[in-house]
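Report on the following structure.
The analysis underlying the following values was restricted to heavy atoms, covering all of them including side chains, and did not include hydrogens, waters or symmetry mates. Chain identifiers are assigned alphabetically (A, B, ...) following the order of the sequence lines, protein sequences preceding nucleic acid strands; residue numbering begins at 1 within each chain.
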There are 2 protein chains.
Amino acid sequence: MNAGKLSQKTSLAKSGDSNLHRKLAQSIGNQILSGVYAPGAILPNEADWCRIYGTSRTTVREAVKTLTAKGLLKSRTKIGSRVEPRENWNILDRDVLAWHMAAMNPQEFFASVQEVRKILEPEIAALAALNRTPQQLRAITEAFEDMRKAKAGRNSVAPDVRFHLALLAAANNVLLSPFGIMIESALTNMFEFTSTHNPEPDMFIPKHEGILKAVTRGNAKAARKAALSLLTDTDQTIAQVPSKAKKPRKPKA
Amino acid sequence: MNAGKLSQKTSLAKSGDSNLHRKLAQSIGNQILSGVYAPGAILPNEADWCRIYGTSRTTVREAVKTLTAKGLLKSRTKIGSRVEPRENWNILDRDVLAWHMAAMNPQEFFASVQEVRKILEPEIAALAALNRTPQQLRAITEAFEDMRKAKAGRNSVAPDVRFHLALLAAANNVLLSPFGIMIESALTNMFEFTSTHNPEPDMFIPKHEGILKAVTRGNAKAARKAALSLLTDTDQTIAQVPSKAKKPRKPKA
DNA sequence: AATCCCTATTTGTATGATAATTTGGCACAA
DNA sequence: TTGTGCCAAATTATCATACAAATAGGGATT
């Protein structure tokens, strides 16, 4: 059960989007992903949460509904809310992925991500080469141009993300779209993670160009190969970061 | 209760799990996925939904929070709730996928699914061959045995699903787990769709056995090949179903 | 030992009130 | 005319309270 006295109000992190129920969901979600409440465990009931956070039941319930919708919980009358088994979690949900990342060793996380990226992105590039519309090709091209203009550094992350997302969109298969969030998260956080130790940032531009050209020509095979090549480079960059193996904990705000 | 005769009240389908806010979410979710409310559109406000469905605002808000958590909506004060762009939808969420399927032509849906399955499942099988634990291998084996016992027919669907899910679990990469829902949905609905026109149902057993053996031996390459082979067969089965191209509408219960 | 029923607990739904947010228009000034 | 700032209205966000529904678990009865 819940350790300690319930009289103590837990203070909620001030996240950017300031909805109370959202903050609650974030707080509870983080606790679930970090293992405070394991799958199968029964959470404190609604009244408890009210006391813990000092909010109304309405707000608590909306937070719980949010987590339920993401597959983390299931509520039953007289029982309470129970944490669902991991395989039911919508891990590719933006929030869930963020909570997951916060609870994990970055090394492990990037390893999982790269494993999936190497499976999917070459095929996505191949599909894009075959299925892209002219408009989608334009989006890819523009993202690439912006990337080139920005050169290396923090500013190149956004167009880089746009490039990969545009590619994904051009594959024209809705079932792949959830991976956009994973890619976005990967690229953004990877930059933070590797930026201090990125040996040859400009090397990525030609690799991206290779994908763009193959997709432009409609050459699926070449696109696949180029995408894989880029990912292999990314692997090496990650590998060169000294393994701190520490969870990035937010310093006290 | 006041199950009124308000002529304007939309009657809610009686889904298995009978929560009012859940039914509401289902109803609104279906409308979004079927295009009644397109991305960018602003939904009726909470008061409107109350009138439309004859429920309290509490219930409406919980339904909206559910849909928001699945990426379908975003609410803003003074504006209302707006439908998010498709790429933000958690399409691999169980509910969203079901609504999506209900709104689509089955042929198209299965085409998308098979495209993704052919990308992922061979790699999943390969990863499973490398990463499986003994326990996971046992789960796969047991599912296969149950499948063989059940022979063809409706009873073989459940173990078939279990086989593929066990394989997925054995790949030991959390980021792949959302596809379990897709696979489950695909296999289940595929049976409904092809059962009347499935020429050689027993042919699938040896194919599954091929995957099992490869995974047992830890032979990634063979596992990949066997998984792809199974999927190619599935493709053919689908192709042989005469294209009715009709949406399966539930007859009024 | 088995069955039935009752009650206590917890989530589910309803109602009504107030707070917070912010768009869009209006008044006013430059 | 144009810009600027401010107000009001619409809508979601939050709170408080009450009652309904479901059901696990215990207790009474057989």
Per-nucleotide protein contact string for nucleotides 22-27 of chain D (B base, S sugar-phosphate only, - none; heavy atom under 4.0 Å): BBB---
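Straight-line distance from the NZ atom of A:Lys65 to the P atom of C:dT10: 16 Å, rounded to whole Å. Counting to the nearest Å, the C1' atom of C:dA14 and the CG atom of B:Leu24 are 13 Å from each other. Between B:Trp49 atom CH2 and D:dT11 atom C1' the separation is 15 Å, expressed in whole Å. What separates NZ of B:Lys23 from P of C:dG12 is a distance of 13 Å, to the nearest Å. Whole-Å rounding puts the A:Glu62 CD to D:dA13 P distance at 7 Å. Between the CD atom of A:Glu46 and the C1' atom of C:dT9 there is a distance of 12 Å, given to the nearest Å. A straight line from CD1 of A:Ile42 to P of C:dT9 spans 15 Å, rounded to a whole angstrom. Between the C1' atom of C:dT10 and the CG atom of B:Asn19 lies a distance of 13 Å, rounded to the nearest Å.
Residues satisfying the salt bridge (Lys or Arg N to Asp or Glu O under 4.0 Å) test with B:Glu108, not counting sequence neighbours, are none. Under the side-chain hydrogen bond (donor to acceptor under 3.5 Å, both in side chains) criterion, A:Ser81 pairs with A:Ser75, sequence neighbours left out. Qualifying salt bridge (Lys or Arg N to Asp or Glu O under 4.0 Å) partners for B:Arg61, counting only residues two or more places apart in sequence or in other chains: A:Glu62, B:Glu46. With sequence neighbours left out, A:Lys70 forms a salt bridge (Lys or Arg N to Asp or Glu O under 4.0 Å) with A:Asp93, A:Asp95.
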Stepwise side-chain hydrogen bond (donor to acceptor under 3.5 Å, both in side chains) check, B:Arg138 with B:Gln135: CA-CA 5 Å; B:Arg138 192 149 19 96; B:Gln135 198 176 13; 5.8 Å; no
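Distance from the side chain of B:Ser56 is smallest for C:dA14 among the nucleotides C:dA14, C:dG12, D:dA13.
Dashed line: the shortest gap from a side-chain N or O of A:Arg61 to OP1 or OP2 of C:dG12 is under 4.0 Å.
Evaluation of atom-type donor-acceptor distances gives a pair under 3.5 Å for the side chain of B:Arg57 against the base of D:dA13.
DNA chain D is contacted by both B:Asn45 and B:Thr58; B:Asn45 maps to the nucleotide lying nearer its 5′ end (nearest heavy atom per residue).
With values rounded to the nearest 0.5 angstrom, A:Leu33 atom CG is found 6.5 Å from A:Leu72 atom CG.
Sorted by first and then second residue, the salt bridge (charged side-chain N to carboxylate O under 4.0 Å, His left out) pairs with a member in residues 181-190 of chain A read A:Arg94-A:Glu184; sequence neighbours excluded.
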